[in-house]
Each structure stands twice: as C-alpha cells, then as structure tokens.
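These notes are about the structure you will find just below.
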There are 2 protein chains.
Amino acid sequence: MSHEFPVECLNRYGSTMAGPTNVRRPATLASLAAELGVSRTTVSNAYNRPDQLSAPLRARVLEAARRLGYPGPDPVARSLRTRKAGAVGLLLTEALSYAFRDPAATGFLEGLALACEQAGQGLLLVPVSPDQADVTAVHQAGVDGFVVYSVREDDPHFLAVLERPVPTVVCDQPMGVEGVDRVGVDDRAGMLALTRHLTGLGHRRVGVLCMRLAAGHNDGPASPERQANATYPVQRDRLAGICDGLAEVGVDWADVPVHERFEHSVDAGQDAAAAMLAAHPDITALVCTSDILALGALRHAADRDLNVPDQLTITGFDGVPEAERAGLTTVRQPVLEKGRVAGELLLERGERNRPRRVTLPTELVVGTTSGRPRVEERFFSGW
Amino acid sequence: MSHEFPVECLNRYGSTMAGPTNVRRPATLASLAAELGVSRTTVSNAYNRPDQLSAPLRARVLEAARRLGYPGPDPVARSLRTRKAGAVGLLLTEALSYAFRDPAATGFLEGLALACEQAGQGLLLVPVSPDQADVTAVHQAGVDGFVVYSVREDDPHFLAVLERPVPTVVCDQPMGVEGVDRVGVDDRAGMLALTRHLTGLGHRRVGVLCMRLAAGHNDGPASPERQANATYPVQRDRLAGICDGLAEVGVDWADVPVHERFEHSVDAGQDAAAAMLAAHPDITALVCTSDILALGALRHAADRDLNVPDQLTITGFDGVPEAERAGLTTVRQPVLEKGRVAGELLLERGERNRPRRVTLPTELVVGTTSGRPRVEERFFSGW
DNA sequence: TTGAAAGCGCTAACAG
DNA sequence: CTGTTAGCGCTTTCAA
C-alpha cells in the first residue's frame, strides 16, 4: 500500500525559499518506478518519449504519478544529465532593475525575450550588483549561454562570463572580444550623420553631453585624457563621430566642451545641460549621446524659457519612443532588433559560419529640436 | 604532465547553443583533484569553504584551476546537490515580450528584480507562449519558487506551477488560491473611489472600456453573462467598483455599456473608444480599466476634436508615468512596490507567520481629463 | 586539515 | 517495448 495524499498537500509547506524548506518531495522517478514495479527508464520514457512505451502503460504511470503527487522529472537533475539548462543568461551593466527604466534597454529586452520565447528558452536575469565585484552570481547561473548587454570592457562580471564554457554574444560593447559574437550598430557613423546635419545648419559651437565613459564617478567636464581612456566603446564612438563631423568643417575637437554624467537619467541630463550652458553660454547646439540625456536638456531649456531650436538646438541618440514623441532630432537605432538578433545568434541552430558580427543600420531622424543657429550667434561666429 | 591550454581556448568552440555543442569541458572538480593529487572535497572546499583548508593549498588549487581552464563548480550539478537553484521563476500571462511593453508590468518587474538582486537570486522569465497550452516550460524551469503575475484563474501554466513542489506567490490574480501568498491592491475600492469622483461631478451616463475578461477573443460589448463569468478577477473587481459607485446614485448597471478588448494596447483603447461613442453617443464619461486603454481613448478624442474634459471625461487605472504626464485622472497603484513585496514574500527569511496576503493602497489621482458633464448633456439628463 | 563514501534525480546507451 | 548499467558533477557527513 502506498502512502497516498492529495496533490494539494505538496506545495503548501514551503513557507519561504530562504528558510529550511519544509517542502517534502516524497516522490521521485525512482520511487514511482518501484511503486509500479517497472524500471526507471519506463517512467522516464513516459514523460520524455511517449512513443517508447505502450499507451496503457504510460497512462498507468501518469496516473500513479498524479496519485503520488509526483510533479514530473526534476528539472535540475534533468539539466545535469542532459547538459542543457534550457535558459540563456542576461548580463547587464547596471543594477538589474535599471534595465526596466531605460527605454533603450527595455526595447532590447523585448527583442531578446521574443527570441527566447520562440526557441522555448528561459531568460535568466543574472543578479549583479553594479558596484560589488562579486561574480558568484555569474558562476551560479545555470544557463546554456550568455547575452551580455553593453558592459564595460573591464567589467569583472563579463570576465567571469568568458570563463564559463558556454557561448556568449555581446550587444554593443565590449567589441572585438575574440570568439564572442557581437551585435550592435555603427555608433560612430550614426553620430557623424547627425553632426553633418548640424554643421549643415551652420552650427560650429557645440557642446556635448555624454554618458559614463569609464569606471569612476565623474560628473562634469570630461578631460581629453578621460575621453581617450574611455572604457565604454559606445560612448567613445559616439564622441568620435561628433569629432569627425566637426573636423570636416574645421572645428578643433579640443575646443569642444564635453560634459559627462555618471547617472543615465533625465534628471542627469537636465543638470548637465545647466552646467554646460553656464560654462559655455555661447554654444548653439547641445549634442547628447543619448535621448534620455537630451530629454533632460529639453527640460532645462523649457525651464529657462529657451526656445528650441531657435535659441538652442538639442539632439539625442537612440530613437526611443518618448524622444520621438517629443520631436527630438536624433539617431534611431533598432533596439528591439538588436535584442532579437542577439538571441538568434545564441540560439540559432545550423550554420556554423553565420556572421559572428552583426551591425544593424541607424537612421537620422530630423525632428523639431534642431534648426539654424540663432542670428546673434551667427553674427558672433562671423567675426 | 597535464595537458595545458590557455583559458582563451575554452569558450571559443561553442558555435551555437542548439547545435551539438563543441564546447569541451575537459576539467571537472574530480579531474582537478586527481591532477593535484588531492581529494575532491579539498577542491570543493577551495571554492565553497575557504576556511576549511590552508591558504597555500587553496592557492595551489585555484592556480591549477586557472591553468587547466577549470571554470569552477558546475552550477547545475551544485544545484542538484544542494537543492537550490538560486533563482526565482516568473510566470506571466502574456507572451514574455509583452511584459516589456506594458508600463505597469515593467514597474512590477523592476520591483521584483530589485528584490531578487538584493537577495542574490536570479530571475528566470519562463517562456510561455500565451495560446499554446504547452506547460513544459514550467516543468523545465530550474527555480526555487515562482512568482505569478496576473494570470487567469484557469491558466494551465499556473496549474502547472502549483504542481511544482516550490513556494509560489501571486500578484493580483488569481486570488484566494489556498496556500499561495498573494500581493495586490483593492481594485474594487480603488475604482469605487474614482467612480464617486465622477458621480460627484454629475456624471450619470458612463461607458466602460475594459481589458480581457476571460478566455476567448472578444472585441466588443461584454454581455452581462460574460461579465459574470469573468476569469480575470482584477477586471471583474474594477467593474464591480464602478457598479458600486453608480449604484450609489441610482444608476442601474444593466444600463451601463461595457466594451471589452482582447489586446491591451493604446490602439485597442482608441478603437474601443470609437466603437463605444458610436454606439452610445450620449455618454459623458468614459471609464477605462487601465491607463493604456485610457490613453487610447484620449487619442480618439483628440482625433475627433473632442474637448476633454469639457465634452468628454476620460479616466484610467494604474497610474503609469505616461498617463500622469498626460494629466489623466486615474487610480494610482504602487506597481514597483508590488514587485518588491512579491519578491520579498518569496525570499524573505525567517517569520513563518508573516502576512500571506498583502494588499497595497491605491490613490485617486484627479488630473485634467475629468470634469463636469457638458452642459447639453446635463440638460438632457435633467429632463 | 584532509579524504572516503554516498548519493542528489535523472537520462541514455545498449541489450533483451 | 522494457530493463540493466553507468554515470552527469557536485557536496557532505563522518572518520582519519
């Protein structure tokens, strides 16, 4: 006689994951097999290969499972045996929760989730506390591969990922890591196109607001050294694109003020814009390396009753929905597509020789926040 | 002599997760131990209990690991042994990717991620295709517990979760499942407060736009039967709250038109608003059970050059940022907090007798989209 | 401090 | 169609 108890009993004892788990897990595949007087293989087959045993037998097995409260093969044990976790890990620079704040990241996540969903793979958000250099979370993650979203080149978590014997694909940065697939856009070219748009309008005195360039908390002007030593290639490239565009009209990059912000938020952008305009009241255009910062700059302009674009041109980068709604002149990049491609690169079956570097196109979006420099300014620069 | 090869070799062979994985995993804890001529315990301790062996020996172990390209204990094997996966699973009604579209869901995710992060637990997004009733993804998930976000009472995935012998906490719905913790808000009371605000302004003829009420694709009027059989308690409660509020001023619920939309999107709201106003041109207020739908209704009003609130009052529910920016009159609920609490309920150590049902407060936000009914209308109803 | 033994729960050849 | 035999890679008493 078996000790029967209703299924309802099963899940009701575990009060908390952290405490000593009172959950009983009385039934295992083996115990079920013993109960039924069949082999473990047969029970396993009942779940994994229905065609390998007679229908009636299978029914008997499943019925007994229900009766004994056997929840089916343990996923972890199965994973160990099959060497497949059925999930991909996602590594983000910032705190996990930050990802849900940044619309560009959200778009990426949506695309990645789409790809995973389609492949029936789970998506494991790896809990990395941004500051703490504790990489155990990376070691703990039971996944078949990693997607790394836009981290610093020297990020310890990223290094830990590389040590794991699973395939990895990187979105945006770091670039050029040997053996690691990458998806991204040509940030430099995108920014160059935008800058040409500005120089074409007549702008010569521009100020730049950028995101974090490297480790360390710097809120304020970014010195040439800091720019040169930037460990965030994406920011580096965007700056380089601006530099390229200005060089075409003879503007020396050394004369272009660049302000950096550690936080990536609208508030930070607003604040940075204020600082920039205070230090350089003569600039005619504020080029921001992200829409979020640009949105902040727009807010600052509104606060000061500056007419955009008549008195000040403001531009962004990314093409997030909010920005487009605000009519921001920006460079649109296909964030959702990036996520999808990242997932596909990792999950796609077949082709060994598929491209391991995918560069998606960007598009210049001319909105209502860019215009010719204000008249006084043009007089001034005509001196 | 050991077969040495640089770490760089390790990760470079896995071309694709799906294909036969060419990744070599030459080193295991056992092989490392053999190599060093120590026991497996010692190697294990080197990683998990540094205090259990001499520093020099530990250094030797770690050095050999680096040399052999041993990436540290396999997380899956460890999980099997310790019976801890180090991750919580998240089950969503909709397609995984949808979660990143809905700002309310995003807020919830952010809060949940925060809690997980803090506890050092991963967050596994379980890939459920919404239509297909394939619950294998739930069985596959290597997690220590589940958070279920707002699913239908009879959702097969949810049922599958209940069979897993791990703790579960539900956000919003289903409610009242025995032994399962729940966090949510009092939707009915929240909607009642909003409705009183409207009746206080003088509204009597209102139309209601609501989200999916039950399985099955219904775009259009929701019959009383369908309302009665709703399997989404949250929607049911919100409708009930409106009903309560209208009853207080003598309006019979049977006279109140309710339109349902399967899709939850701004477009759907816009569309539903159009349909509602076409069928019931005399209504003075459009009560929507979500901000997203309300945003759509606002768009429809703008398209038709209807002045809000002079000619039409529009209200939402949730209090998402976009809505607040738009000045929507709505009921704000603490979505981030819900996520945090859900995570804490699952992960929190200690107290067995903590509250297993948490109801968070809502707040009526009176914006600029609600006002007194238009004059003609008041005449009309004064008849 | 270190090691030996004993599985965690399952799947996958390969025979019968 | 079913069972037997071997582990997957690791942790963990318990002794030495």
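Residue numbers start from 1 in every chain, and the chains themselves are labelled A, B, ... in the order their sequence lines are given, proteins ahead of strands.
- Taking only side-chain nitrogens and oxygens, A:Tyr47 never comes nearer than 4.0 Å to OP1 or OP2 of C:dG9.
- Contact between A:Arg152 and A:Ala215 at its shortest, heavy atoms only, is NH1-CB, 3.4 Å.
- Between A:Ala77 and B:Asp51, the residue anchored nearer the 5' end of DNA chain C, judged by the nucleotide with its closest heavy atom, is B:Asp51.
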### Task
Kindly determine whether A:Arg49 and A:Asp51 satisfy salt bridge (charged side-chain N to carboxylate O under 4.0 Å, His left out), including the steps that lead there.
CA-CA 5 Å; A:Arg49 312 191 167 170; A:Asp51 53 317; over 6 Å; no
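- B:Thr42 has a side-chain polar atom (N or O) that falls below the 4.0 Å cut-off from OP1 or OP2 of C:dG3.
- B:Phe158 is linked by a ring pair (Phe, Tyr, Trp, His ring centres under 6.0 Å) to nothing, counting only residues two or more places apart in sequence or in another chain.
- Looking at heavy-atom distances under 4.0 Å, B:Val76 makes no contact with the nucleic acid at all.
- The aromatic rings of A:Phe100 and B:Phe100 sit parallel, their planes meeting at an angle under 30°, below the 60° perpendicular limit.
- Of all heavy-atom pairs between A:Leu345 and A:Asp181, the closest is CG-OD2, 3.8 Å.
- Among the atoms of the strands shown, base atoms are found under 4.0 Å from some heavy atom of B:Leu80.
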Between the protein and nucleotides 12-16 of chain C, are there any N/O to N/O pairs under 3.5 Å, and if so, what are the atom names and distances?
unit_1 : atom_1 : unit_2  : atom_2 : d
C:dA12 : OP2    : A:Arg49 : NH2    : 3.1
C:dA12 : N6     : A:Thr41 : OG1    : 3.0

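- With sequence neighbours left out, A:Ala137 forms a side chain to side chain contact (heavy atoms under 4.5 Å, CB included) with A:Val126, A:Pro127.
- Rounded to an integer number of Å, the gap from A:Leu53 CG to D:dG3 P is 10 Å.
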